Every structure is written in C-alpha cells, then in structure tokens.
Protein chains: 2
Amino acid sequence: MSTKPHYSISDLAQEFDITTRTIRFYEEAGLLLPERNGQTRIYTDEDRVKLKLILRGKRLGFSLAESRELIDMYDPNSDNTRQLNALLSKIQARREQLERQLEDIHLMQAELDAAEERCRDALNLTQPATDH
Amino acid sequence: MSTKPHYSISDLAQEFDITTRTIRFYEEAGLLLPERNGQTRIYTDEDRVKLKLILRGKRLGFSLAESRELIDMYDPNSDNTRQLNALLSKIQARREQLERQLEDIHLMQAELDAAEERCRDALNLTQPATDH
DNA sequence: TAAGACGTTTACGTTAACGTAAAGCAGGTG
DNA sequence: CACCTGCTTTACGTTAACGTAAACGTCTTA
C-alpha cells in the first residue's frame, strides 16, 4: 500500500508561492479537480504534480489552455487508440517549441554576455587603472 | 560607409509575421522609436534588431516591460556609470531566469519522453505483433 | 461563547497585449 | 479625375489570468 498524502489549498499555495485564488482559478479552468471533504478541497500528490506542471508551463510562457494539453498528455486515462496518435503529434509539436526556446535562450545568453562586456568596458574607461 | 537599409512598417510586419498594429503598439509602449518621413514611420536595422529581441522575449514568456529592460541593456547610450552597476545586476538576474528556464525545458523534455513512451506502449497493446 | 484562523462561493475589477473599426491623408495609375 | 494601395491617428472592444471584496460556514482555542 502506497502512502497517500494530501494537502489543503493553502498548503499548496504556500509551497508554490501563489494565492489560493490562483489555485481555485486553475480548477475553474478545468486544470485541477481535487476531491472534497464536504466543501473543503483536498489535494492529492497527483494534483500537486499537475500544479507543478502548470507553473512550469507558465514560466515557459504557455497559456493555461496549453498547459491543460500538457496535463492531458500526462493523464494515463487517455486510452482511446484513435486519440493517441493525435497526442503523439502534439508531443512532437511541443518538443519543437522547446527546441526553439532552447535556441532563444542560447541567443539571449550570448547577448547578455555581450551586454555585460559593454558594461564592463564602459566602467573600465571611467576607472582606468586598477593597480591594487 | 556602411549601408543603411530601412524598412516600412509592413516590411517588418511581414517578415516577423505580426500585424502593423502590434508594431505601433510596441512603439506606444516605448520599445521602438522609428524615424519619420513626414507621418510615415521608417525603421532602421537597429529597430529591426530591437523588434527581434522583443519577439524572442515574448517566446520566452517575458512581458513587454521586461523586454524593454533587455533593449535598454542593448542600447549603447546608457553611459551613466552609476547606472551601469545596476545594469550588471539586472543582467545577472536575467541570466538566472534563463538558467531556470533551461532547467524547466529539460524537465519538460523528459516528461514528453515519458508521455510518448506511455502512448507508444498503449498503442502496442492494441496492435500486438508487428511482424512485417 | 467570542474570537481567530481557515475554508467556501459569487461577482465585479484590473492589467497586458493586442484586435478591430472608422476616418482620413499621400502618392501613383488607368 | 477617380480609384487603389499603403500609411496614419483615435478610440473602443476583447481575452487571459488572476486580484479584491463581500458575506458566509466551521473548527478550535482562550
């Protein structure tokens, strides 16, 4: 038997440094569907993972709708063979987007390098000789 | 003497697959400041580079305000020594953000791998023996 | 039992990043 | 000259992703 920890809404809010409103909003958007104890939401480890995926997607500039696709991929309940091939092509599309982002990041890093050098040069011209 | 090509607003719109409205909006937001021939905007190569930076930032989930900071770094007109150190720390912050995004991308790629494998497994169970 | 901490729903407000008209000027062409 | 093409400004509309406030339930702790 596996241990099944669960979390309150504020547990997760605190852990990921977001508000409870945000979490409820994600539920409204159909990205989460926690169990309930009466009115109170109860989050499982799976919900926690989904939230993590959402936030990671957000950091990469994905919309919630896009993140939902990612979560749907992660969901092991898509057993329709017909859909699986569609999923595979979506996965491929994602992969290509990530490749583009990787390239963007490398380009950006190179430009930060250049910008930093320009800055340092400008400072050196002001403070000519740093003989200790 | 360097050749100084210039572009119309629709030249750039077409090249980057955005609307002219978008480009004017970026100007409104203070990210671009093209020359004018009367009323008509004339874009230099430098403007083109800035636009490129904005769009790259966008792909990485940056806001326009953040992209403006990137452009300001790129601008060689920040000659105030006092500001340069602030710039350097901003550059550093950017760098760390990019590192985080890199990590996010790698994690995401790993999960796409896993998702793909699950898909393929599911398909193989349906189509058991692929003896040609 | 009153207060405080935590949860809930409902609903209107806000910001960013454009979209979408509407109305008009400027230059070239049949 | 009338028309078309491409540019302009002004201004209101829209969508996503929450923020914020109101009003209420529930538990526990002083």
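Both backbone and side-chain heavy atoms feed into the values below; hydrogens, waters and symmetry mates do not. Just so it is clear, the model here is predicted, and its values are computed rather than measured.
C:dA17 atom P lies 14 Å from atom CG of B:Leu32, rounded to whole Å. Rounded to whole Å, the distance from CG on B:Leu12 to P on D:dC7 is 10 Å. Per the geometry, CD1 belonging to B:Ile23 stands 13 Å off C1' belonging to D:dC7, to the nearest Å. To the nearest angstrom, C1' of D:dT8 lies 13 Å from CD of B:Glu28. Counting to the nearest Å, the C1' atom of C:dT8 and the OH atom of A:Tyr43 are 11 Å from each other. Summarising the geometry, the separation between CD on A:Gln39 and C1' on D:dC24 is reported as 10 Å, rounded to the nearest angstrom. Residue B:Glu35 contributes atom CD, which lies 14 Å from atom P of D:dT8 at whole-angstrom precision. The CD1-C1' distance, from A:Ile9 to C:dT8, rounds to 9 Å in whole Å.
With B:Gln101 contributing its side chain and B:Leu60 its backbone, the two residues share a donor-acceptor pair below 3.5 Å. With B:Asp72 contributing its side chain and B:Glu69 its backbone, the two residues share no donor-acceptor pair below 3.5 Å.
Of the candidate nucleotides C:dC18, D:dT8, C:dG7, D:dT8 has the atom lying nearest to any side-chain atom of B:Thr40. For B:Arg24, counting side-chain heavy atoms from C-beta on, the closest listed nucleotide (C:dT8, D:dT8, C:dA17) is D:dT8. Listed candidates were D:dC7, C:dA17, C:dG7. Nearest to the side chain of B:Ser10 is D:dC7.
In this model, the phosphate group of D:dC18 is approached by a side-chain N or O of A:Tyr26 to a distance below 4.0 Å at OP1 or OP2. Listed pair A:Ser8 / C:dG7 meets the phosphate criterion, a side-chain N or O lying under 4.0 Å from OP1 or OP2. Not one side-chain nitrogen or oxygen of B:Lys58 sits closer than 4.0 Å to the OP1 or OP2 atom of C:dA17.
In this structure the side chain of B:Glu27 never reaches within 4.5 angstrom of the side chain of B:Leu33, judged on heavy atoms.
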Run B:Arg94 and A:Glu116 through salt bridge (Lys or Arg N to Asp or Glu O under 4.0 Å) and show every step you take. CA-CA 11 Å; B:Arg94 289 273 169 233; A:Glu116 182 166 3; over 6 Å; no
Run the side-chain hydrogen bond (donor to acceptor under 3.5 Å, both in side chains) check on A:Asp47 and A:Tyr7 step by step: do they pass? CA-CA 9 Å; A:Asp47 292 322; A:Tyr7 314 90; over 6 Å; no
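Within the 4.0 angstrom heavy-atom criterion, no nucleotide atom of any strand lies near A:Phe62. Using a 4.0 Å heavy-atom cutoff across all strands shown, A:Thr19 reaches sugar-phosphate atoms only and no base atom.
With hydrogens and angles left out, the side chain of B:Arg21 and the base of C:dT20 share a donor-acceptor pair within 3.5 Å.
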